[in-house]
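Residue numbers begin at 1 in each chain, while the letters A, B, ... track the order of the sequences.
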Amino acid sequence: MPVCVSDSVKVGCFALQTCLNYVLSLGIWPGGGSSDVQWCFSQVKGAIDDDVAEADIISTVEFNHTGELLATGDKGGRVVIFQQEPESKNQPQCRGEYNVYSTFQSHEPEFDYLKSLEIEEKINKIRWLPQKNAAQFLLSTNDKTIKLWKISERDKRPEGYNLKEEDGRYRDPNTVTTLRVPIFRPMDLMVEASPRRVFANAHTYHINSIAVNSDYETYLSADDLRINLWHLEITDRSFNIVDIKPANMEELTEVITAAEFHPNQCNTFVYSSSKGTIRMCDMRASALCDKHAKMFEEPEDPNNRSFFSEIISSISDVKFSHSGRYMMTRDYLSVKIWDLNMETRPVETYQVHEYLRSKLCSLYENDCIFDKFECCWNGNDSVVMTGSYNNFFRMFDRGYRQDVTLEASRENSKPRSVLKPRKVSTGGKRKKDEISVDSLDFNKKILHTAWHPLDNIIAVATTNNLYIFQEKLN
Amino acid sequence: MLGRGVKRKWSCLEEAEVVSEARQLVLGLCLEKLQRYQAGVELSLRRSVLLINTLRQIQEEMRSDGVGSCDVHPDSCLLRDDFREDVTVTCPGCSEGESPPELPSQEANGSDQQKPPAAVSDAVNAMGYLGDLALDDIFEDIDTSMYETSDLPSAWASGSLPQSHSTAGSLQSCLMDLNELDHIMEILVVETHLVGPGLQNGFSL
């Protein structure tokens, strides 16, 4: 029992602090508690050797809506889906591992005879549809054609046919003396992928984005100059909703780089451009959404102007927050968070690798300046993540205003080993464990990352390997 | 940023020189990248547009710099320190004051270094012509959407010109071919005007 006021205050404070520590350690603090999150290596998928087969280069990574399934697409046109094992009772602290669930060839290389050009089979994007029945559906696209795939499980098969043997051969009718009805018996799980719809011949230019609408009936596909709206059931027609192709191609100065639907408002979508602008459109306003409802653009900083200003302002990815209140854009050097109610400038800007600003000429020479990095939100929109070079990836905690650089490499691949934060030294003196800018490997780029919608599990794609990291649980 | 007083003249010249070097290098890289052609694979429109915009920007700056004497462009000063840093990174054999290294032998770059603004604008204009009016006027009633290229006007990516130049790939030879094609176009246009309303039913010369 406190004997005086000051004592009671002390006790109260101590109690409060203890409570806070407890809540933070649970990781359920609304801010995400990123300052407490430590990331551990969980799994790595893909070939071990350094000799990368071109077809194995991962080109897209996407969790489904529950996070149970993780899909990757590669340059060879294949889709590989991993499924999370249910948590084992033996290790309740460890979240289930992801194992191969289904592999299929989504797209094949094609030849455009009219232009004498190859159409690459590389999968540019995969988008999952929310699950409505036992089967799973996803959309996958290459440069020209979008396909709807149905992935279904088969774990029973009919046995005991009346007229057929077990191997399918027909029985000699003379031997059939009784009538029997086949019954379903369990079999080894088989996962089948079948193309249900093919949405073709609607894009003259290269498709860079597909996005499913919140009505789950329509979706959009965007190429360099146009955006089309499709109904999932209808493959022979699409509506053109954005067209920025000038009458005279010589006047072309800007292309569409990414597009996304608002997560809640089925009439709203955004598209980003190579000039660093984002336009938000309302489909209720008119059939052709050439006039934007809002345009988001940050005025250029005159101190940073160079020959490469426009190239580095080009937006490579745009993602709405799960809440629908914000959107995030990725340009070459930074990640910006925009409040949808404010068009004049972003509310937050995070520098991904500012040390590259003085190297832009070299990066232009070796073409790295054209690399398109993606970005993603965590489940509660408190942390954002994006990739960089040297197999580094970066996380920015919006609440705690902290950021961390981590590395996806075979060296840090001991099971459940905690990832150590990395640092790039920019000044003259390089501290121990830091890496200098000139030692960075620009061939090792992390362009594609994904965050589990509900848990702290992330999938990070290096050139041909997929790394899965999990939050360290005590 | 510029020094005041007597020293101004020298630093002005110095900066102008460095800026001009930077421009030549980036200009050369732009042209090299635009000419790079991978047989059978479509070029990225985004990349091409960004390259052309950069090219145009340099052209603009050169033009405006040519007008003003010691009017140092705002970004030149800012560029200088950055560029010097980059010069050592990108051109190991390059040091202050030396001209940029020879880019992989392309006659285009040689001539461009002498008179960049004219060559660039000529190239862009000449190349744009093909995708422009002539074809549209003559073939108005024919639906050419099937034949739309997803590239820029075909000549912007010079490699997509007629096969005879798949090996050459240099700016000069492309321009010569374009001049021939221009000539042919002119003949067609003249003939169309002679034929007049008969065009709807086909040529009848």
Is the NZ or CZ atom of A:Lys372 positioned over A:Tyr332's six-membered ring, under 6.0 angstrom from the centre and within 45° of the axis? no

Interface moiety of A:Leu225 toward chain B, non-hydrogen atoms closer than 4.5 Å: side chain

Which atoms of A:Ser309 approach chain B - backbone, side chain, both or neither, heavy atom under 4.5 Å: neither

Less than 4.5 Å to any heavy atom of chain B: does that hold for the side chain of A:Ser314, its backbone, both, or neither? side chain

Verify the distance criterion only: is there a donor paired with an acceptor across the side chains of A:Glu254 and A:Ser273 at less than 3.5 Å? yes

Tell me, out of A:Thr253, A:Ile311, A:Asp143, who's got the most heavy-atom pairs with chain B below 4.5 Å. A:Thr253

Check the side chains of A:Asp224 and A:His206 for a donor-acceptor pair under 3.5 angstrom, ignoring hydrogens and angles. no

Identify which part of A:Asp367 has an atom lying under 4.5 Å from any heavy atom of chain B, answering side chain, backbone, both or neither. both

Is it the case that the side chain of B:Arg46 and the backbone of A:Phe370 share a donor-acceptor pair, with hydrogens and angles ignored and the cut-off at 3.5 Å? yes

Kindly give the heavy-atom pair with the smallest separation between A:Ala55 and A:Asp74, and that separation in Å. O-CG, 3.2 Å

